[in-house]
Amino acid sequence: LRAQNQVLKKGVVDEQANSAALKEQLKMKDQSLRKLQQEMDSLTFRNLQLAKRVELLQDELSLSEPRGKKNKKSGESSSQLSQEQKSVFDEDLQKKIEENERLHIQFFEADEQHKHVEAELRSRLSALETEAAQHQAVVDGLTRKYMETIEKLQNDKAKLEVKSQTLEKEAKECRLRTEECQLQLKSLHEDLSGRLEESLSIINEKVPFNDTKYTQYNALNVPLHNRRHQLKMRDIAGQALAFVQDLVTALLNFHTYTEQRIQIFPVDSAIDTISPLNQKFSQYLHENASYVRPLEEGMLHLFESITEDTVTVLETTVKLKTFSEHLTSYICFLRKILPYQLKSLEEECESSLCTSALKARNLELSQDMKKMTAVFEKLQTYVTLLALPSTEPDGLLRTNYSSVLTNVGVALHGFHDVMKDISKHYSQKATIEHELPTATQKLITTNDCILSSVVALTNGAGKIASFFSNNVDYFIASLSYGPKSSSGFISPLSAECMLQYKKKAAAYMKALRKPLLESVPYEEALANRRVLLSSTESREGLAQQVQQSLEKISKLEQEKEHWMLEAQLAKIKLEKENQRIADKLKSTGGSQFVGLAQENAAMLNATGQGEAVAKAVLEPVQSTSLIGTLTRTSDSEVPDVESREDLIKNHYMARIVELTSQLQLADSKSVHFYAECRALTKRLALAEKSKEALTEEMKLASQNISRLQDELTTTKRSYEDQLSMMSDHLCSMNETLSKQREEIDTLKMSSKGNSKKNKSR
């Protein structure tokens, strides 16, 4: 692709160079044409000069004629000759003048025609270039469109072929399955007919009574526990709670900011007293929280009543009644504030600051507020109908559940539409009020807050409407329980009894599910008994050995503590003795110092002799074993007990140090190897991830290569078409230039002939 791209770049550069050369040639031709036009202008000027010269000569000739008449008598012969010559010259001159005029006329007509033709050709050339560019753009768009459609059709064809193959396979499989199902159906029909006859005979002979005869008793039967249904209902109730919370927040903000606006516009309460109507209206609006907050609380109680253990149907949702009551109280609040709101808008319209556009917006808002109250009343009616099955047995038939739920969805959509209208009209009103010269910053901010709360109300209403319309089918299918065949209504009392029976049944099942004690399987117990019987003797011996080793360890620990105490006492005594000797040396004189030195020397000699005897006795002999290399004395001489213990102690200490160092080295190596293994596993995981990423990149690169190849073919075709168009255009330009050259050559020839004639004249 890079090589082909370079070739294309070279081709484009060559074509650009050719176009630049052609432009330069065109400029040269224009310059030569201008030069020729200048020459033509100079020739016309010269011809005009010659014409003026001829006129002057004619005037001189006319002046010379009377003089010739006076001299006629003196030279009649000479005058006759001069008259003949003059007549000949006059005739020639007249012919030349006429020819010159004719040539001037032809030259002027040819020049005008050339300019007209050149202007027409230039206009045609520009029009053709624009048409060519438009046609090229159209052709490029059509080619792209056709290529895209071809690719889409090819992909659709491939998909349809694959789909047809799969459908053929599925059809074959379905035929086989239908044959198998027919066979199974026949066998099942025969089996079920036989079982039905047997069961009917058993029922007729053995069953004493039928406990499903009365529908009011069937409603007391505990239904099957559907955990998935309960979880979904709780999830739906949680979503509805979130939407209602958003709606409650938006309503609180809307009423609060409306109260603030009444205090500001049309009369600011900080400057002047507002009207009694607006005072009463703001007083009512100040109480909005006591009517709006219970809606959220009622929905929260309804959400908390839906648990995993209950059966959620309309007959058991008792908390829906409280929510409907809170909604009814809010509707009463809306009815109470509606006339004050309408009168407040009328008061705004009557003020001097209100324009005609603002009056129209206020009228639209008053209509919208009426619609909003009507929609809430409609919604409250349907919610109270849905709350009837849990309180009154004959309040709502089960056949009307679906119609009531669909009407609730329609009411929610109507509420959303009304809020959209309110948002639209209030935004228009706010923009008009902002343009007023008396609009304060407080009014602008209050209007913005009201707009934000109205937008939040619109969004909340849209979410609730879409949520309810998405789940209305599920509500219709699941919000009822009882005998489906009967037309009677299941009373709330029977639903409550059913829930109590459900709790008792769950408690009974929980009591039955006692945890079993853990026990060893019989085969494993037999195998363990054999092992125990075979290993009792070895176990007793091992227990004795362990007991003896524990006693030895305790004795050795006691001895260790004893000798440690002895060593500490000896150190203390040595320190005291050294202190005493130092005090004596300080207190006594030189004689005593000499005596002490002699005593110390004698003691040193004695110790030196003892060490020499020990060295002579303890000639070391090395012996190697599994526990290391031991240095011992020869068998012929009896070693000293203390020196032997010191040697054994030193040997074991050295061996322990060596083993600990080896153990530390092995631990460090194991840690190092473990770290290396972890690093290698991480590197392996990273390599696998990079491999997957590289494979994806390879796929993308292959797709890009195919796409670039397609683009390259299309660009090649477009370049070839452009080159052909440019070559045709250049050929046409060359033809026009050749025609112009011929015309210029003819004009040059004619101008040269005229100039020669004028020169001869």
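Salt-bridge check for Arg293 with Glu296: passed, with a basic side-chain N closer than 4.0 Å to an acidic carboxylate O. Between Glu348 and Arg261, at least one side-chain nitrogen of the basic residue sits less than 4.0 Å from a carboxylate oxygen of the acidic one, meeting the salt-bridge criterion.
In this structure, the side chains of Val244 and Phe303 stay at 4.5 Å or more apart for every pair of heavy atoms. The shortest distance between side-chain heavy atoms of Asp448 and His434 falls below 4.5 Å. Residues Leu196 and Ser199 form a side-chain contact, since some pair of their non-hydrogen atoms from C-beta on lies under 4.5 Å apart. The shortest distance between side-chain heavy atoms of Leu342 and Lys370 falls below 4.5 Å. Side-chain contact check for Leu388 versus Thr384: every heavy-atom pair is 4.5 Å or farther apart. Within the 4.5 Å cutoff, the side chain of Leu405 has heavy atoms near those of the Leu386 side chain. At least one side-chain heavy atom of Arg361 sits under 4.5 Å from a side-chain heavy atom of Glu364. With a 4.5 Å cut-off on side-chain heavy atoms, Leu251 and Tyr330 count as touching.
Atom NZ of Lys336 has more than 12 heavy atoms from other residues, nucleotides or ligands within 6.0 Å. Heavy atoms of other residues, nucleotides or ligands lying less than 6.0 angstrom from CZ of Arg228 number 12 at most. Counting non-hydrogen atoms of neighbouring residues, nucleotides and ligands closer than 6.0 angstrom, the NZ atom of Lys429 exceeds 12 such neighbours. More than 12 heavy atoms of other residues, nucleotides or ligands lie within 6.0 Å of NZ in Lys502, so this atom counts as buried by the packing criterion.
Of the residues His229, Arg234, Gln230, the one that meets the side-chain hydrogen bond (donor to acceptor under 3.5 Å, both in side chains) test with Thr312 is Gln230. No option in Asp368, Leu338, Val418 other than Leu338 meets the side chain to side chain contact (heavy atoms under 4.5 Å, CB included) test with Thr373. Only one option out of Phe281, Tyr291, Phe333 pairs with His255 in a ring-ring contact (aromatic ring centres under 6.0 Å, His included); it is Phe333.
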* Working for side chain to side chain contact (heavy atoms under 4.5 Å, CB included), residues Ser452 and Val455 -> CA-CA 5 Å; Ser452 63; Val455 169; 5.7 Å; no
* **Stepwise side chain to side chain contact (heavy atoms under 4.5 Å, CB included) test for Glu170 and Leu167** => CA-CA 5 Å; Glu170 288 178 358; Leu167 288 172; 3.8 Å; yes
* Might you work through the salt bridge (Lys or Arg N to Asp or Glu O under 4.0 Å) test for Lys319 and Glu304, ending with a clear yes or no? => CA-CA 9 Å; Lys319 298 295 181 180; Glu304 290 175 352; over 6 Å; no
* Passes side chain to side chain contact (heavy atoms under 4.5 Å, CB included), Leu379 versus Phe415? Steps please. -> CA-CA 9 Å; Leu379 187 63; Phe415 176 52; 5.8 Å; no
* Pair Tyr401-Ile476, side chain to side chain contact (heavy atoms under 4.5 Å, CB included): steps then yes or no -> CA-CA 7 Å; Tyr401 285 1; Ile476 292 168; over 6 Å; no
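Among all heavy-atom pairs drawn from Ile432 and Ala357, the shortest one is CD1-CB, 3.8 Å. A pairwise comparison of heavy atoms in Ala461 and His416 identifies CB-CA, 3.9 Å as the closest pair. Phe323 and Gly298 make their closest contact through CD1-C, 4.1 Å (heavy atoms, listed as atom of the first residue, atom of the second, distance). Scanning all heavy atoms of the two residues, the minimum distance from Ala430 to Asn447 falls at CB-CB, 4.2 Å. Summarising the geometry of Ile306 relative to Ala237, their closest heavy-atom pair is CD1-CB, 3.7 Å, with the distance given to 0.1 Å. Shortest non-hydrogen contact noted between Leu252 and Thr256 is O-OG1, 2.6 Å.
Not one N or O on the side chain of Ser344 forms a donor-acceptor pair closer than 3.5 Å with the backbone of Gln341.
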Kindly list each side-chain donor-acceptor pair under 3.5 angstrom involving residues 151-159, sequence neighbours excluded, with atom names and distances?
from   : atom 1 : to     : atom 2 : distance (Å)
Asn155 : ND2    : Glu151 : O      : 3.1

